[in-house]
Each structure stands twice: as structure tokens, then as C-alpha cells.
*Asks:* 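This is the structure, below, for whatever I ask next.
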Amino acid sequence: MATPTLDKEDAKPEAGFADSPYITVTFRIRRFNPEVSADATWEDFQLEIDPKERVLDGLHKIKWDLDGTLTFRRSCAHGICGSDAMRINGKNRLACKTLIKDINPAKPITVEPIKGLTVLKDLVVDMDPFFQAYRDVMPFLVTTGNEPTRERLQSAEDRERFDDTTKCILCAACTSSCPVFWNDGQYFGPAAIVNAHRFIFDSRDEAGEQRLEILNDKDGVWRCRTTFNCTDACPRGIEVTKAIQEVKRALITRRF
């Protein structure tokens, strides 16, 4: 039986197969080091990178191969921990979820820290005010009586009531996209309200009224101007503005 052979034309590699998948990309990063200067500056870095890689991969290449002083936060690198939120091309995003090819790599990719929080160094901001607002809304289950011997049962319908706001990963992308928060750091901010919502509407919790009173403060939920920046910025797709409106409605009707 004859052994099949390839024609010379068939043996040629497909067009572009042997080409490198890498492209040249410019990262334009806002740098700040208080030990060197009180002013922030922009610095450009050129990389050879696969466009299917993430912005976080590019930052790693810069830190590991070009400038070890570049400072930024990251942990899980899979969109769960929320630690690598930053402004990429003027929009709050998670660097670990943003692909190079999706943000027009033909132009410089601008990377800067999220707004409204004090910059400590390069892309790292002081998260203490953000987490203080989170703690202030009592983000934990409050109940009375004896501790149950089994889990606290809840219907699927009751769980669905607050399912959306359980997705928050505390990245601060929503809060640091809010114009009210930019102008007044005393505002609780969208993330704190979202986490209050998660417990206010939990049928097992007994501190809904207390949380509502906390958010009824002058720096609370009424400061929201419904610009939808927070909803647009959320990397988890939470309907943040809707949750804030539901908390406002609960304050007025005292039904939740």
C-alpha cells in the first residue's frame, strides 16, 4: 500500500504561522515616590508582549525586567481578591482581568492609581478610609438568642433578594469612580453601601434598622447623585446604583 505524501504546496506553513505573536506596546505609568519628589510624573516603558496577555502581566514584566522600583498591589491575579484595581486608559479596572488587545495597544496604555484615596507610592493608595467605611456599616450577620446547633435555613427566594451584592470583592473600583467621593472623602461610598445592602436585606439578620440609621447620616446614602459611575466600574457586574436606590427606598418605607 502506497504511503500518502504531501504536496510541496501543502507542506508550506500557513501564512503568519511562523510570525511572532508579540507586539510592541507602550505602558505610560504615573509614578510617585514621596521620598524622591512631592510631584507625580509619567514614565513610558516599551514591552514586547502577547496581546492576549493582561495588563497585570505587562506590569510584572516591567517590575521584573525593567524597573524593580515600580510599586503596585496584586495577589490572586484571577479577579477574586480585588487588590489590583487601578485606572487603565482613564477607567477603573482590575489589571488582572484587562487584556492588552481589548484596550487599543496601538496607543500608549496609561496606568495610574485609583482616585479619591491618598497615593502612597506609584499605583498604591491608602485603603484605610475605604475599609473604615466598610467596617462602619457592620458587614456581618447580627442575630439575638442562642446560637443554633445547625445552619440558619433560608429559602431560595430570600437568598435571591441580596444575591447580587454578595459578589463584592472590596476592590474599591466603584467607590473611587464616584465624583461625590472624590470631592468629599467622608462619604461612605458605593462599596460600603453595597455591603450594608447585603445584610439589610438578609432575612436572617436583625440589625437592618441599625444599618439604615448609620446610612441615614449626612455622609450616608443620600449623598449619592446617581451618576452610574459605580455600576460601570464594578468588575463583578454588580448593579451598584440599583442597590443604593433600594437602600434609599428602605429608609423611606422602613420595609426591607
Side-chain angles (χ1 to χ4, degrees), residues 75-76 78-83 85 92-94 96-97 114 116 127 129-178 180-181 186-256:
S75 184
C76 77
H78 288 84
I80 301 299
C81 71
S83 60
N92 284 10
R93 315 171 196 250
L94 295 184
C96 64
K97 291 187 68 176
I114 52 178
M127 295 286 285
F130 172 81
F131 282 115
Q132 185 57 56
Y134 169 68
R135 289 189 290 266
D136 286 345
V137 299
M138 303 166 55
F140 43 82
L141 193 70
V142 178
T143 62
T144 57
N146 296 327
E147 183 176 334
T149 57
R150 300 180 60 184
E151 69 270 21
R152 300 178 189 276
L153 298 180
Q154 187 174 53
S155 70
E157 292 76 14
D158 284 343
R159 175 62 172 75
E160 179 66 24
R161 180 66 185 85
F162 61 93
D163 182 70
D164 193 41
T165 48
T166 65
K167 301 172 186 175
C168 179
I169 56 176
L170 296 173
C171 64
C174 66
T175 294
S176 60
S177 72
C178 174
V180 177
F181 187 79
Q186 299 303 309
Y187 173 44
F188 275 88
I193 300 171
V194 159
N195 282 277
H197 177 286
R198 178 258 176 274
F199 289 99
I200 290 170
F201 294 96
D202 188 333
S203 61
R204 301 165 299 178
D205 185 81
E206 299 175 26
E209 288 283 356
Q210 191 173 346
R211 291 191 191 87
L212 287 175
E213 284 309 313
I214 292 170
L215 292 175
N216 200 25
D217 184 81
K218 62 182 179 66
D219 295 317
V221 71
W222 303 112
R223 297 297 305 277
C224 172
R225 294 296 179 265
T226 320
T227 62
F228 286 89
N229 282 23
C230 50
T231 300
D232 292 341
C234 180
R236 300 283 289 172
I238 300 172
E239 294 183 274
V240 180
T241 309
K242 178 183 177 183
I244 294 173
Q245 297 307 309
E246 289 180 348
V247 172
K248 288 181 178 179
R249 190 177 303 116
L251 266 169
I252 294 171
T253 63
R254 295 294 165 166
R255 295 175 62 187
F256 47 91

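All values below come from the heavy atoms of this structure, side chains included, with hydrogens, waters and symmetry mates left out.
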*Asks:* Mind listing the side-chain donor-acceptor pairs of residues 169-177 below 3.5 Å, one per line with the distance, residues two or more places apart or on another chain?
*Replies:*
unit_1	atom_1	unit_2	atom_2	d
T175	OG1	A191	N	3.1
S176	OG	N92	ND2	3.0
S176	OG	A172	O	2.6
S177	OG	A173	O	3.4
S177	OG	C174	O	2.7
S177	OG	N229	O	3.3

*Asks:* At their closest point, which heavy atom of P190 faces which heavy atom of V240, and how far apart are they?
*Replies:*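 Shortest heavy-atom separation between P190 and V240 comes out as CB-CG1, 3.6 Å.
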*Asks:* Between A196 and V137, which heavy-atom pair has the shortest distance, and what is it?
*Replies:*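 The pair with the smallest heavy-atom distance is CB-CB, 3.9 Å.
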*Asks:* Let me confirm one number: the CD-NZ distance from Q186 to K218, rounded to the nearest 0.5 Å.
*Replies:*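 Here the interatomic distance stands at 7.0 Å.
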*Asks:* Would you name the heavy atoms of A207 and V142 that are closest together and state the gap between them?
*Replies:*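 Between these two residues, the closest heavy atoms are CB-CB, 3.6 Å.
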*Asks:* Going by side-chain contact (heavy atoms from CB on, under 4.5 Å), name the residues that satisfy it together with T149, two or more places apart in sequence or in a different chain.
*Replies:* none
*Asks:* Compare all side-chain heavy atoms of Y187 with those of I193 and state whether any distance is below 4.5 angstrom.
*Replies:* yes
*Asks:* Who passes side-chain contact (heavy atoms from CB on, under 4.5 Å) against D163, sequence neighbours left out?
*Replies:* R159, E160, T166, K167
*Asks:* For the side-chain contact (heavy atoms from CB on, under 4.5 Å) test, which of V247, N216, I214 pairs with V221?
*Replies:* V247
*Asks:* Show every salt bridge (Lys or Arg N to Asp or Glu O under 4.0 Å) that has at least one partner inside residues 197-207, sequence neighbours left out.
*Replies:* R198-D202, D202-R204, D205-R211
*Asks:* With rounding to the nearest 0.5 angstrom, report the NE2 to SG distance, H78 to C76.
*Replies:*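 Rounded to the nearest 0.5 Å, the NE2-SG separation comes to 7.0 Å.
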*Asks:* State the CD-SG distance between Q245 and C224, to the nearest 0.5 angstrom.
*Replies:* 5.5 Å
*Asks:* So which pairs with a foot in residues 131-153 pass salt bridge (Lys or Arg N to Asp or Glu O under 4.0 Å), sequence neighbours left out?
*Replies:*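 Checked against salt bridge (Lys or Arg N to Asp or Glu O under 4.0 Å) - neighbours excluded - no pair reaches residues 131-153.
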*Asks:* Could you go through E246 and E239, starting from their C-alpha distance and side-chain angles, then the distance that decides it, and tell me whether this counts as side-chain contact (heavy atoms from CB on, under 4.5 Å)?
*Replies:* CA-CA 11 Å; E246 289 180 348; E239 294 183 274; over 6 Å; no
*Asks:* Of all residues at least two apart in sequence or in a different chain, which pass the ring pair (Phe, Tyr, Trp, His ring centres under 6.0 Å) check with F199?
*Replies:* none
*Asks:* When rounded to the nearest 0.5 angstrom, what distance separates CZ in F181 from CD1 in I114?
*Replies:*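 The CD1 atom of I114 is 8.5 Å from CZ of F181, to the nearest 0.5 Å.
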*Asks:* Using a 4.5 Å cut-off on heavy atoms from C-beta on, say whether the side chain of T241 contacts that of C230.
*Replies:* yes
*Asks:* Taking all non-hydrogen atoms of both residues, which atom of R236 and which atom of G79 are closest, and how far apart?
*Replies:*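 Looks like NH1-O, 4.1 Å.
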*Asks:* With heavy-atom distances below 4.5 Å as the criterion, would you say the side chains of I200 and H197 are in contact?
*Replies:* no
*Asks:* Closest heavy-atom contact between T165 and V194?
*Replies:* CB-O, 3.6 Å
